Each structure stands twice: as structure tokens, then as C-alpha cells.
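A short worksheet on the structure shown next.
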Amino acid sequence: MARYNPKETEPRWRKAWADADVFRTADDDPRPKYYILEMFPYPSGRMHMGHVRNYTMGDVVARYKRAQGHAVLHPMGWDAFGMPAENAAMERGVHPKGWTYDNIAAMREPFKVLGTSIDWSREFATCDPEYYGQQQRWFLALLKRGLVYRREATVNWDPVDMTVLANEQVIDGRGWRSDAIVEKRKLTQWFLRITDYADDLIEGLKTLERWPEKVRIMQENWIGRSQGLRLTWKFDGTAPAGLEGGLEVYTTRPDTLYGASFLAIAPDHPLAEQLASDPRVADFIKLCRAGGTSEAEIEGAEKLGLDTGLSVVHPFDPQRKLPVWIANFVLMDYGTGAIFGCPAHDQRDLDFARKYALPVTPVVLPNDADPADFKVAAEAYVGPGRIFNSGFMDGMTVEQAKAAAVTRVEAQGQGKGATVYRLRDWGVSRQRYWGCPIPIIHCAACGPVSVPDEQLPVVLPDDVSFDVPGNPLLRHPTWKNVSCPSCGADAQRETDTLDTFVDSSWYFARFANPHAATPIDKAAADKWMPVDQYIGGVEHAVLHLLYARFITRALKDEGMLSVAEPFDGLFTQGMVTHETYRRQDGDWIEPSNVTFETDAGVRVARLAETGEQITIGDIEKMSKSKKNVVAPEGIFEIYGVDAARLFVMSDSPPERDVEWTNAGVEGASRFVHRVWAEFENQPANAGHAFDDSDEAALALRRATHKLIGPVGDSIERFRFNSGVAKLYEFLNILKAYPAAGASNAVLAARQEALEVLARLINPFTPHLAEACWEKLGMTGMVVDADWPKADAALAADNEVTLPVQINGKRRGELVVAKGADSKAVEALALADPSVSVHLAGLTVRKVIVVQDRIINIVAN
RNA sequence: GGGGACGUGGCGGAAUGGUAGACGCAGCGGCCUUAAAAGCCGCAGCCGCAAGGCGUGUGGGUUCGAGUCCCACCGUCCCUACCA
């Protein structure tokens with residue numbers, strides 16, 4: 001009997017699928033559509049286990065939906081712009097374009113080997129001019145709509161690499177690559193007006209019922225809507241230039257206005273900069289900017305302040321004057337960059353007030369506190385209570401006082417109730433080569449002018465050098481020199497490129513027709529959008545998933561799309577982890593160099609070559625730096641693709657991390673071989689001559705029909721590990737009815753079981769499923785077969801085993817007909833000897849019979 | 001500081017409020033084999049010879065019945081943050 005040989009079998013079926021072009025999706029397919037998408041990968045050049053897990057998950061669903069009769073769209077592309085290509089260029093002298101396309105070519109192969117049911121005819125990379133050219137087109141459309149603008153902004157500037165860094169790329173105040181101390185610089189940058197959609201993006205979350213609650217909460221917090229008051233404080237005496245109207249602050253606690261003891265402005269507030277002609281102020285601002293931005297530094301940062309000498313008048317009590325300070329903890333880019341400090345009811349303000357001996361006046365009295373001796377010591381009181389020491393607000397609740405204060409301020413013309421968001425507009429300019437060029441021409445006379453439609457795409461020049469840091473586009477001899485589309489004068493192209501998150505914020509809509517002459521083929525997008533199921537890592541919970549939602553809404557308003565939300569269902573999968581190994585000197589060791597032995601029950605790891613004992617470390621995300629990476633290709637080679645797919649789907653719930661282990665994939669491989677053995681053992685002419693009077697045959701048929709529902713269910717509910725467990729369980733049952741020496745009735749039942757099994761394993765192990773289907777002599781390929789339908793009569797039990805409990809403790813069990821009458825069951829239970837033994841000396845108070853479930857006897 | 005998730009055997013994990021530990025890994029015993037590997041059959045929460053008892057982080061509560069629901073606490077992990 002031939003052992004299953006995945007190395008021979010798997011490529012044969014991939015070829016059969018490709019030859020029959022089974023995964024090509026037609027736009028005019030009349031069946032109900034199902035669009036499944038995995039977050040497209042960055043083409044690093046290597047497939048990793050995370051990809052295997054991500055794409056297998058999507059493929060399981062895709063193949064299942066296909067079998068269920070859907071027209072499934074399952075496309076694939078490459079998120080191909082970005083820094084690694086430029087880093088490679090700088091480090092190795094290769095061209096980013098060549099490097100990227102080589103990587104794509106290198107990764108396409110293992111992705112195809114994975115056997116996913118992808119329509120490769122729709123493949124594209126974001127660095128294809130055809131793609132980014134269309135991106136430029138909609139960028140200009142949004143510019144025209146007023147959703148794109150330019151302004152000066154403070155950025156993280158790496159003086160060695162000569163580029164802007166994202167906040168995430170600044171580690172302890174230094175550039176993550178150059179290790180240079182990052183400077184704050186003011187640069188003119190392009191922004192997308194995502195804040196225009198802040199409310200829509202929050203409201204839209206409510207419609208995303210098939211998104212994880214966690215992601216919705218993260219987005220809501222990120223957008224950070226708060227209700228408050230913008231309030232202008234008039235200066236006491238002469239106001240500084242430009243601030244004759246006063247100094248505007250934002251607060252969410254207008255109820256505590258009577259507790260205000262100072263105003264504070266951010267070090268980069270215009271007023272602070274105006275005062276910087278005073279060297280004391282200039283020095284202080286410098287001191288504030290020196291502070292790091294790391295978590296630890298912010299946590300431990302001391303509150304620093306400088307009294308400007310200016311003072312303002314309290315809006316409710318003109319007799320009271322408050323000093324204006326510059327404080328390091330006030331941020332310019334939230335609210336108005338200025339606050340009023342109420343130390344009694346805000347911890348930061350309290351810390352500041354204690355340090356600089358400013359007054360602390362409690363104005364909120366906790367409900368059970370005595371006004372005579374309520375004091376705020378080291379901790380600010382932020383709870384509910386009644387307002388006191390507050391003139392017209394005395395006696396109000398916090399909520400009442402907030403409303404009253406806003407009304408009074410508005411009546412005085414000194415401010416307005418306001419909604420403020422934490423969300424900022426999206427800065428999309430990058431001083432980088434390997435990105436989508438921003439299609440703008442700067443003209444001395446006309447200002448920034450859009451590149452005319454007929455001149456699109458603005459294509460990146462290939463002849464660039466990376467031998468000096470900085471943006472090669474800026475020093476390219478000719479590329480940026482053009483004439484102004486508006487007046488014809490000499491002008492310069494914008495040399496900044498777009499943030500790569502722009503590229504990934506609309507690709508899903510482009511898949512509907514990747515070669516359309518407009519950004520989005522509306523008819524095709526109307527057919528396929530929204531994505532029914534999106535799958536990816538939770539690390540994109542805020543950035544990518546928020547940007548994609550924003551761009552979708554913006555493009556809808558532009559008339560390019562009909563849907564407001566791009567992803568109807570979202571699933572965030574866990575990571576693939578592996579044990580780590582280190583030598584005594586701390587060097588990380590690759591798993592392939594480690595051997596194991598068991599010494600007195602303890603696992604000991606040794607270096608393969610030398611036998612040197614090494615330390616088994618934590619289980620962590622596979623990463624190059626810790627060398628705990630297992631390459632999928634090597635696993636495919638040894639165990640076959642199906643075993644690898646099966647293992648990543650079976651070992652852990654998909655939203656949790658899965659630990660890659662050799663033993664685990666070996667277990668999956670054993671299952672593959674055992675399944676095959678059952679098909680091999682089945683005689684060719686078994687047929688479907690069912691004889692339900694044969695008890696064994698009937699039992700097997702029941703098991704078969706009981707399997708179908710739960711496996712499908714596990715896929716629908718993203719409980720793949722449970723579904724796989726059901727399949728394992730079923731195989732164990734099937735093995736109890738061997739073909740050798742079986743009756744015709746059992747052989748027929750086995751035949752049915754195998755025909756069902758081949759279709760149920762197909763989403764998980766598609767190559768094996770084809771081989772099994774072929775072995776059974778079925779026509780066509782299993783990839784085109786329908787999902788099996790369970791016979792309800794066979795799937796339902798006709799008898800049930802009921803546990804009998806006495807006072808909640810299990811004391812026996814009872815086999816009765818399904819749906820048996822409660823009274824009869826109760827009598828049987830009480831009469832059962834194993835039960836009555838435990839009832840001796842007790843009085844039965846009550847008997848609960850839950851039909852077909854359980855019997856509980858209450859006795860004492 | 002704010003928000004969220006999770007806590008079940010040696011391990012990964014199952015379990016619409018209804019027999020806790022499915023399934024897999026590791027382990028143990030047996031068969032096969034000259035032997036090993038592979039494969040196959042079986043055992044297996046803990047204590048106990050057994051009868052039986054105890055068991056889902058801890059303590060309470062709701063319920064005929066709680067891993068599951070509620071409250072408090074402990075622990076672990078993740079996200080976020082001088083956000084006014």
C-alpha cells in the first residue's frame with residue numbers, strides 16, 4: 001500500500017487547478033458574491049509563518065463559501081512601497097524597484113505553493129505605475145474637494161538620514177536606524193482632512209457588527225471625541241500683540257472654573273514664541289523641547305513651568321486675576337494649546353500647583369463629605385459631587401454645573417461649547433523616493449498646481465542614486481524641473497511622496513477591476529464591495545483600518561464608490577510564535593541547530609554540532625533578531641503544504657497566538673497519512689447500497705451526518721481549531737469500521753463517509769482532498785464540489801443519554817428515547833438503582849427534567 | 001493614569017447555564033519487528049488499593065444546576081497616554 005506522498009501529489013493538484021483556471025472570478029457570475037481578503041503583504045522577499053496562517057485562514061473560508069455556492073472573490077496583491085527597499089538600496093547598492101520586484105517574484109512562488117484559491121489574474125503591486133497613477137488621480141480629486149491641504153507642521157527630523165520619521169520610528173528620542181538625536185522641525189506638509197470625518201467614523205463603528213469589539217473601542221479612543229468648552233480669558237492690562245481678544249483655552253470641566261488658579265500654555269504656543277525675545281523664556285522653551293518622547297521619560301517627567309508675568313481676568317469674577325504660565329505638560333496640538341489649571345480636581349494641575357506654590361481651591365464636594373473639612377492633599381478629587389465655593393453654581397451636580405457654565409460663558413460672548421477630537425489630520429508627506437509621487441507642481445507665481453490629468457501618472461524616475469542620505473528626487477538633475485501647467489513658467493515638481501498607508505487605504509476596491517482606466521471601476525466595485533471578510537493582524541487596528549475607512553468614505557462622497565464602510569466583517573488573527581534558544585554567551589540560536597533530550601523528565605536543549613547545553617527561552621513572535629524563525633518552505637518540503645496548513649489551523653483558536661512546534665506539525669502530518677489510508681483501503685466498487693438494518697452501518701452513517709453541521713459551523717464562526725478537532729474525532733470513529741472484512745452495508749456507509757470527509761477536509765487540506773476525491777473515482781475536482789448536506793433524520797439522535805444528578809452531583813445516567821416525556825423520565829430516574837442508593841434517607845423535594853438534557857433531583 | 005483581553009490537566013486547548021477536560025502534543029503500557037523507526041491497539045485531571053472525595057486563579061452572590069452570569073480581589077498579557 002502506497003504511503004501518501006505530498007511531494008508528488010501536491011504539485012500535481014496545483015497544476016490541475018491552474019490548468020482548469022478554477023480560481024478566476026468572473027464579474028458576471030450570477031451567484032451571490034462573497035469577497036474575502038487577507039491584508040496584503042509587504043514583499044520582504046520571504047514568506048513567513050504569519051503569512052501561512054493569515055492566508056490559510058482566508059483560504060479555508062474562501063473554499064468553504066465556494067462550496068456553499070458563492071461567487072468568491074479572493075485576490076492578492078503587494079504593499080510594495082516603503083522604506084525597506086530604500087534601506088536595501090543604501091546598504092547594498094541595489095535599486096529599490098529591482099529589489100522590490102525581485103522580492104515579489106520570490107514570494108509569489110511560495111504563496112502559490114500554499115495552494116490558496118486566489119484569482120492571480122487580479123494581482124498588482126502598489127508600486128506599479130498603473131496603480132499609483134490612479135492613486136494620484138483620486139488624490140487630486142480629493143484636493144479639489146478640499147480634503148487635501150498643505151500647512152506647516154512640526155515633524156521628527158532625522159538629521160543623519162535627512163528625512164522625516166514617523167513617531168513609531170523614534171526610539172528614546174533617536175532615529176531607529178541612524179541612532180541620531182531626532183530634531184523637531186517645521187516643514188510644510190500635505191495633509192488629508194480625516195478630522196472632517198471624525199464623527200462619521202465614530203458613528204460608522206456602530207454599524208460594524210462583525211468587527212471585534214476591541215478594535216471598535218480602539219478606534220473610538222483613537223478618534224477621542226470629547227465635549228467641552230472653548231473659553232477666552234481677557235488679559236489684565238495690555239494684551240500681547242495679536243491676542244487683544246484674549247487667550248483661548250479648551251476644557252472638559254467648565255464646572256470647576258471657580259477652582260482655576262492659573263493658565264498654562266504650551267511651549268510652542270504662538271504666545272510663548274512671541275515672548276521668546278526674553279532670554280529666560282527662550283531658554284525655558286529650549287529646555288522643554290529637549291525632553292524625550294519615550295514612555296519612561298513622559299512617565300517620570302517633572303512638571304516644569306515658567307511664569308510669563310502676564311495675567312488674565314476670571315470670566316465669572318472680574319476681581320480675580322490669574323497668572324499665565326508656560327508649562328511643559330501642555331500640548332500645542334490638542335485643544336487650543338492652552339489650559340486653565342484647576343489643581344483640586346486634576347492630578348497634573350495639582351502636581352504643578354504644589355511645585356510652584358499655586359493656590360488649590362476645591363470646588364467639587366464629594367457627596368458624603370463635610371464642606372468644613374474637605375481638603376485636597378496629594379490626590380486631586382475627580383469623582384462626582386456637589387459644586388461649592390462657586391458662586392452661581394453652588395449646589396449643582398457636576399453635570400448641571402457644566403451646562404450652566406457653558407450657558408453663562410456663551411451669554412457673556414466669551415466662548416462656546418465645543419466638541420474636540422484627539423484625532424489629527426493625517427500628514428501624508430514623506431521625504432522619500434520609494435513611494436507614490438505627490439502629483440503637484442510648485443510654481444512661483446501660481447503656487448501649488450495639480451498635475452493635469454493627461455500628464456498622469458507622475459512616474460518615479462529610475463535613474464536615482466542612494467550614495468548620499470536624503471531624498472534622491474530632490475537632487476535628481478531633471479525630474480523635478482517642469483513648466484507650470486497653469487502659466488507655463490519654470491516650476492518644480494513636489495518631491496515628497498505619499499505615506500504608504502495611503503497605498504493600502506483603497507487597494508481592496510481596486511481589486512474589483514485592477515486595470516480600470518479610472519481609480520475604481522464603479523460597476524465592478526458595486527458588485528464586489530464591501531469586503532465580506534477581512535483578515536489581518538490586530539496591529540493594524542487603528543492606523544490602516546481607520547485610514548481605509550476614511551478613504552472609503554471620502555471616495556464615496558466623491559462618487560467613486562457606493563459603500564461607506566469597506567470591511568463588513570473583520571477578523572484579527574494572532575501571531576505565530578516559537579521557543580527561543582540562547583547560548584550561555586547570549587547569542588540566539590536557530591531552532592534548526594538545536595537538539596533535545598529528556599533528562600529526568602526535564603527537557604534539555606543542546607547545540608546540534610557541539611552538544612553544548614543551551615538555554616530554552618520564552619515563546620515569542622518569530623523574528624529574525626531572535627532567530628526563532630521556521631521557514632515555511634522547509635516545512636512544506638518535509639511535511640507537505642497540507643500538514644503545515646492543518647497545523648496552523650488546528651492548534652490554537654485563530655485570534656490567539658499559535659506556537660509553532662515540530663511535534664505539532666508532525667501530528668497534523670499523521671492525520672494526513674491516516675486519512676489517505678482510509679481512502680486507500682476502501683474498495684473501488686462499494687456503491688451506496690445502504691442497509692439501515694445493519695447497526696454498525698447505521699451508526700457510521702449517523703456519525704457522518706452529524707459531522708457536517710459542526711464543521712461548517714466552525715468555519716462560519718472562525719473556530720477552525722474546533723472544526724479540525726471534529727474531523728480528527730470522526731477519523732477515529734471511521735477507523736472503528738475498517739473496510740477489511742466489512743459487510744456491504746458498512747462498505748456503503750464508509751463510501752458515504754469518505755465522500756463527505758473529502759469535501760469537509762477540502763478547505764483545510766485541499767491537495768489531500770483532491771487526491772482522496774480522485775481515489776474514490778468521483779467526477780471532477782473536489783474544489784468544484786458542493787458542500788455536503790446532512791440528512792436531518794440521520795443527524796438527529798433517536799436516543800439520548802441523560803445524566804442524573806442529585807443536588808447537582810452526577811449519580812447516574814439514563815438512556816431514553818429522544819423527546820421522552822418528562823414524567824416518564826422522572827419515574828425512570830427515581831427507580832434507577834444507582835440513583836435510589838443515593839436517595840436513601842433523603843426526601844425528594846423537587847425533580848427538574850430538562851428534556852433531552854439532564855435530570856436533577858433536589859433532595860434533603 | 002485610561003482602556004481592553006485572558007486565567008481550565010505536564011502543554012496547546014474543548015465545553016448554546018446542563019455528564020468539565022473533546023481533539024492534539026508530550027507521557028505510559030502493549031502489539032508488530034532480530035532491533036529501531038514508522039504504524040497499530042490501549043491507559044491517562046488530582047488524592048485514594050478501593051468505596052469515595054476534591055477539582056476550571058481567590059472570596060462571595062444569583063440558580064434545581066455556574067468554567068460560563070453578577071460583585072470584589074489576585075495574577076498575566078496587550079493597546080494607549082502629561083488629551084485639559
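Remember, it's a predicted structure, so these values are computed and weren't measured experimentally.
- Listed candidates were B:U19, B:A14, B:A84. Nearest to the side chain of A:Thr801 is B:U19.
- The aromatic rings of A:Phe262 and A:Phe352 sit tilted, their planes meeting at an angle between 30° and 60°.
- In this structure, A:Arg810 does not reach the B:G65 phosphate: none of its side-chain N or O atoms is under 4.0 Å from OP1 or OP2.
- Atom name P, nucleotides B:C54 and B:C43: the rounded distance is 26 Å, in whole Å.
- A:His673 places its NE2 atom 11 Å from the P atom of B:C40, with the value rounded to the nearest Å.
- A salt bridge is absent between A:Lys818 and A:Glu799: the closest approach of a Lys/Arg side-chain nitrogen to an acidic carboxylate oxygen does not fall below 4.0 angstrom.
- In this structure, A:Phe718 places its CZ atom 19 Å from C1' of B:G13, rounding to the nearest Å.
- Comparing B:G3, B:A84, B:C82 by their closest approach to the side chain of A:Ile217 singles out B:G3.
- At a threshold of 4.0 angstrom between heavy atoms, the contacts of A:Val330 include nucleobase atoms, whether or not backbone atoms are also involved.
- In this model, a side-chain donor or acceptor of A:Arg424 finds a partner on the base of B:C83 within 3.5 Å.
- Paired regions of RNA chain B, where each region holds three or more successive Watson-Crick or G-U pairs whose two hydrogen-bonding distances fall under 3.5 Å, are B:1-7 with B:74-80, B:10-12 with B:23-25, B:27-31 with B:39-43, B:45-47 with B:52-54, B:57-61 with B:69-73.
- Remark: C1' of B:C23 and CZ of A:Phe647 are 13 Å apart, rounded to the nearest angstrom.
- The shortest distance between the side-chain N/O atoms of A:Arg656 and the OP1/OP2 oxygens of B:C77 is not below 4.0 Å.
- Using C1' as the reference atom, B:A66 and B:C71 are 15 Å apart when rounded to the nearest Å.
- Which of B:C79, B:A38, B:A22 sits closest to the side chain of A:Arg3 comes down to B:A38.
- Taking only side-chain atoms of A:Ile854, from C-beta outward, the nucleotide of B:G12, B:C82, B:U19 with the closest atom is B:U19.
- Between A:Lys206 and A:Glu209, none of the side-chain N atoms (NZ, or NE/NH1/NH2) sits under 4.0 Å from a carboxylate O, so this pair counts as no salt bridge.
- The aromatic rings of A:His314 and A:Trp233 sit perpendicular to each other, their planes meeting at more than 60°, with 30° as the lower class boundary.
- Side-chain atoms of A:Arg422 stay outside donor-acceptor range of the base of B:U80, with no qualifying N/O pair under 3.5 Å.
- Residue A:Asn856 places no side-chain N or O under 4.0 Å from the OP1 or OP2 atom of B:U19.
- Residue A:Arg719 is in sugar-phosphate contact alone, with no base atom involved, counting any heavy-atom pair closer than 4.0 Å across all strands shown.
- A 4.5 Å side-chain heavy-atom check between A:Val249 and A:Arg230 finds every atom pair outside the cut-off.
- With B:A81, B:A84, B:A38 as the choices, the nucleotide that has an atom nearest any side-chain atom of A:Tyr334 turns out to be B:A84.
- Here the nucleotide nearest the side chain of A:Lys846, chosen from B:G18, B:C64, B:A14, is B:C64.
- At a threshold of 4.0 angstrom between heavy atoms, the contacts of A:Val850 include nucleobase atoms, whether or not backbone atoms are also involved.
- Between A:Arg225 and A:Glu220, no side-chain nitrogen of the basic residue sits less than 4.0 Å from a carboxylate oxygen of the acidic one, so the salt-bridge criterion is not met.
- The same atom, P, is picked in B:C11 and in B:U58; the two are 15 Å apart, to the nearest Å.
- Between A:Asp713 and A:Arg717, at least one side-chain nitrogen of the basic residue sits less than 4.0 Å from a carboxylate oxygen of the acidic one, meeting the salt-bridge criterion.
- Distance A:Gln347 CD to B:C83 C1': 16 Å, rounded to the nearest Å.
- Between B:G24 and A:Arg670, no contact under 4.0 Å exists linking OP1 or OP2 to a side-chain N or O.
- Of the candidates B:C54, B:C23, B:A84, B:C23 carries the atom nearest the A:Ala725 side chain, counting heavy atoms from C-beta on.
- For B:C78, the base has no donor-acceptor partner in the side chain of A:Lys214 [N/O atoms by modelled type, under 3.5 angstrom].
- Identified under the side chain to side chain donor-acceptor pair (under 3.5 Å) test for residues 329-345 of chain A, with sequence neighbours left out: A:Ser226-A:Tyr334, A:Asp333-A:Arg424.
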Please walk me through it: do A:Arg750 and A:Gln682 pass side chain to side chain donor-acceptor pair (under 3.5 Å)? CA-CA 8 Å; A:Arg750 275 181 58 91; A:Gln682 180 72 356; 2.8 Å; yes
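- Put simply, NZ on A:Lys735 is 13 Å from C1' on B:G42, counting in whole angstrom units.
- Among the nucleotides B:C82, B:G53, B:A15, the one closest to the side chain of A:Arg811 is B:G53.
- B:A37 sits 25 Å from B:A44 when the C1' atoms are compared, rounded to a whole Å.
- One finds a side-chain N or O of A:Lys809 lying less than 4.0 angstrom from the OP1 or OP2 phosphate oxygen of B:C54.
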